[in-house]
> 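Next up is a structure, given as structure tokens.
Excluded from the calculations below are hydrogen atoms, water molecules and symmetry mates; all remaining heavy atoms, backbone and side chain alike, are included.
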Amino acid sequence: MTTSMEPTVRRVDRQEDLPDPAPDAAFVVVDVIISSTTVVRLLEAGAEYVRPFADADAAREFKAETDAFLVGEQGGDSVEGFDGSPLPSLVADYPVEGRPVGLLSSNGTRAMDRIGHDRDIYVGTTVNAAAVAEAVADHEETWLVAAGRQGEVVGEDVAGVDAIAAHLDGAPPDVAALAATIRETGTAQWLCEMGFEHEVEALCEFDSTGVVPRLRDGAFVAD
């Protein structure tokens, strides 16, 4: 007689708490503000794929070789040689349909690099939390990874992980409470001060898309 084992779900609230090397498991990288949400929007906009980078020079080489569109930031600043900001609301205006895209960010793509591009990595955020939970439900072991910021825990990433974890537990998340948490974070308030309140409100539209980015051969495609 055989007995099936319940899937194991683990979580870390900052990427620095991941084991090294990363175990043979599924990983969901949650960088709500901003790279996780950007990957979702890029694939919605028809990008052929999104390749994550932890190094700007490598991304620029990728562009030279493929004529890719580069999106990125480092420390919130623009990056030389890149084509656009990773603000999700801007993606719809980028000429990415049918094109490869390279993405560089201060935290999210760094977490992906830390895990390793040979691992099974999904991208999770607030807007696709339910779809991500469904996609990883059958994995024997899944790690929910809040990217954090330079070693610090940030509330919006924890909220994103909380939403996915709630769906995996079979209990719909308290989206009103999670949205309130996001609006109160330092990153969200900074965006509002810069005039991007609409970005924050869009992030609070939980479970509004079914797009689940999954790493295939080093690049994210819709699973």
> Cut-off 3.5 Å, side chains only: do E44 and T209 have a donor facing an acceptor?
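E44 vs T209: donor-acceptor pair found between side chains.
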
> With hydrophobic residues grouped by side-chain heavy-atom distances under 4.5 Å, do V32 and V161 end up in a single group?
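V32 clusters together with V161.
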
> Could you pull out the closest heavy-atom pair between P23 and R119, with the gap in Å?
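That closest heavy-atom pairing would be O-NE, 3.0 Å.
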
> Under 3.5 Å, is there a donor-acceptor pair between the S85 and E73 side chains?
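There is no such pair between these side chains.
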
> Heavy-atom distance under 4.5 Å between the side chains of L215 and Y122, does that happen here?
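Not in contact.
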
> Can you tell me how far CD1 of I164 sits from CD of E134, rounded to the nearest 0.5 angstrom?
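It comes to 13.0 Å.
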
> For the pair L87 and F196, evaluate side-chain contact (heavy atoms from CB on, under 4.5 Å) and give the outcome as yes or no after the intermediate values.
CA-CA 9 Å; L87 285 172; F196 295 112; 3.6 Å; yes

> Determine, stepwise, if the pair R60 / D57 fulfils salt bridge (charged side-chain N to carboxylate O under 4.0 Å, His left out).
CA-CA 5 Å; R60 286 187 284 260; D57 287 336; 2.6 Å; yes

> Output the distance between atom OG1 (T109) and atom CG (L103), rounded to the nearest 0.5 Å.
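Separation between the atoms: 6.0 Å.
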
> Let me see the working for D120 and R214 under side-chain contact (heavy atoms from CB on, under 4.5 Å), right down to the final yes or no.
CA-CA 7 Å; D120 195 2; R214 187 177 187 182; 2.7 Å; yes

> Are V136 and L168 close enough that some pair of their side-chain heavy atoms sits under 4.5 Å apart?
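Touching, per the 4.5 Å side-chain cut-off.
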
> Evaluate the side-chain contact (heavy atoms from CB on, under 4.5 Å) criterion for residues V123 and M112: first the C-alpha distance (whole Å), next the side-chain angles of each, then the deciding distance (0.1 Å), finally the verdict.
CA-CA 9 Å; V123 166; M112 298 162 191; 3.9 Å; yes

> W143 versus L18: any side-chain heavy-atom pair under 4.5 Å?
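Answer yes - side chains close enough.
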
> Quick check: do V71 and V101 have side-chain heavy atoms less than 4.5 Å from each other?
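When only atoms from C-beta onward are counted, V101 and V71 do touch, with a gap below 4.5 Å.
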
> Whether the T37 and T125 side chains hold a donor-acceptor pair (N or O, under 3.5 Å, no angle test) is what I'd like checked.
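T37 vs T125: donor-acceptor pair found between side chains.
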
> Regarding D20 and R114, does a basic nitrogen lie under 4.0 Å from an acidic carboxylate oxygen?
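Looking at R114 together with D20, the answer is no, because their closest N to O distance does not fall below 4.0 Å.
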
> Has the side chain of E16 got a donor or acceptor atom that lies under 3.5 Å from a matching backbone atom of G151?
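Checking the backbone N and O of G151 against the side chain of E16, a donor-acceptor pair under 3.5 Å is found.
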
> So, S36 side chain and D31 main chain: donor-acceptor pair closer than 3.5 Å or not?
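Judged by distance alone, yes, a pair lies under 3.5 Å.
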
> Please answer whether the main-chain N or O of V9 pairs with a side-chain N or O of T142 as donor and acceptor at a distance below 3.5 Å.
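Checking the backbone N and O of V9 against the side chain of T142, no donor-acceptor pair under 3.5 Å is found.
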
> Which heavy atom of A129 sits nearest to which heavy atom of A163, and what is that distance?
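Looking at all heavy atoms of both residues, the closest pair is CB-CB, 3.8 Å.
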
> Examine F220 and F82 and state if one hydrophobic cluster contains both, with Ile, Leu, Val, Met, Phe, Trp and Tyr joined whenever side-chain heavy atoms are less than 4.5 Å apart.
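Different clusters.
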
> Hey, quick one: are V158 and V200 part of the same hydrophobic cluster, counting side-chain heavy atoms closer than 4.5 Å, chains of contacts allowed?
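V158 does not cluster with V200.
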
> How close do T38 and P86 get, heavy atom to heavy atom, and via which atoms?
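Answer, listing the atom of T38 first, then P86: OG1-O, 2.5 Å.
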
> Any Lys/Arg nitrogen of E156 or R149 sitting under 4.0 Å from an Asp/Glu carboxylate oxygen of the other?
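Here E156 pairs with R149 in a salt bridge, since their nearest N and O are under 4.0 Å apart.
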
> Out of curiosity, does L203 fall in the hydrophobic cluster containing M194 (side-chain heavy atoms, cut-off under 4.5 Å, transitive links)?
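They do share one cluster, since a chain of ILVMFWY contacts under 4.5 Å joins M194 to L203.
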
> Please examine the side chains of I115 and V29, heavy atoms only from C-beta on, and report whether any two atoms are closer than 4.5 Å.
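Heavy-atom side-chain distance check passes, below 4.5 Å.
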
> Tell me whether L43 is reachable from F53 by hopping between hydrophobic residues (I, L, V, M, F, W, Y) whose side-chain heavy atoms are closer than 4.5 Å.
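Result: no, two separate clusters.
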
> Apply ring-ring contact (aromatic ring centres under 6.0 Å, His included) to Y94 and list each qualifying residue two or more places apart in sequence or on a separate chain.
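If we apply the ring-ring contact (aromatic ring centres under 6.0 Å, His included) test to Y94, skipping adjacent residues, the hits are F69.
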
> Are side-chain heavy atoms of D207 and N128 found at a separation under 4.5 Å?
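Side chain of D207 against side chain of N128, heavy atoms only: no contact under 4.5 Å found.
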
> When you check the side-chain N and O atoms of T126 and E205, is any donor under 3.5 Å from an acceptor?
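Judged by distance alone, the side chains do not pair up.
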
> For the atom pair CG (D55) and CZ (F62), what is the distance rounded to the nearest 0.5 Å?
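It comes to 14.0 Å.
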
> Tell me the closest heavy-atom pair linking G218 and R51, and the distance in Å.
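Heavy-atom minimum between the residues: O-NH1, 3.3 Å.
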
> Do we see a donor-acceptor contact under 3.5 Å between the side chains of D217 and H117?
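Note: D217 and H117 side chains miss the donor-acceptor criterion.
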
> Work out which heavy atom in G124 is nearest to a heavy atom in V132; give both atom names and the distance.
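Smallest interatomic distance, heavy atoms only, reads CA-CG2, 4.0 Å.
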
> If we check salt bridge (charged side-chain N to carboxylate O under 4.0 Å, His left out) with R11, which of these qualifies: D162, D169, D17, D157?
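The salt bridge (charged side-chain N to carboxylate O under 4.0 Å, His left out) with R11 is passed solely by D162 among D162, D169, D17, D157.
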
> Let me confirm one number: the OH-CG distance from Y49 to L42, rounded to the nearest 0.5 Å.
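Rounded to the nearest 0.5 Å, the OH-CG separation comes to 13.0 Å.
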
> Out of curiosity, Q74 CD to N107 CG, how far, rounded to the nearest 0.5 Å?
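So the gap between those two atoms works out to 9.0 Å.
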
> A quick test of your reading: do over 12 heavy atoms of other residues, nucleotides or ligands sit less than 6.0 Å from CD of E201?
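Atom CD in E201 is packed in, count exceeds 12.
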
> On a heavy-atom basis, which atom in R41 and which in V127 lie closest, and how many Å separate them?
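Answer, listing the atom of R41 first, then V127: NH2-CG1, 3.7 Å.
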
> Decide side-chain contact (heavy atoms from CB on, under 4.5 Å) for R110 and S105; before the verdict, give the C-alpha distance in whole Å, the side-chain angles of both, and the deciding distance to 0.1 Å.
CA-CA 7 Å; R110 192 165 59 88; S105 73; over 6 Å; no

> Measuring only between side-chain heavy atoms, which start at C-beta, is D223 closer than 4.5 Å to R216?
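They are in side-chain contact.
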
> Can you confirm whether the side chains of E199 and S89 place a donor and an acceptor under 3.5 Å from each other?
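S89 and E199 do have a side-chain donor-acceptor pair below 3.5 Å.
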
> Would you say the side chain of P213 lies within less than 4.5 Å of the side chain of V40, judging by non-hydrogen atoms?
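SC-SC contact between V40 and P213 confirmed.
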
> What's the separation between atom CD1 in I33 and atom OG1 in T185, rounded to the nearest 0.5 Å?
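With rounding to 0.5 Å, CD1 (I33) is 5.0 Å from OG1 (T185).
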
> Just wondering, more than 12 heavy atoms not from E140 lying within 6.0 Å of its CD?
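12 or below, so no.
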
> Any donor-acceptor pair under 3.5 Å linking the side chain of R14 with the backbone of A147?
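It does not hold such a pair.
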
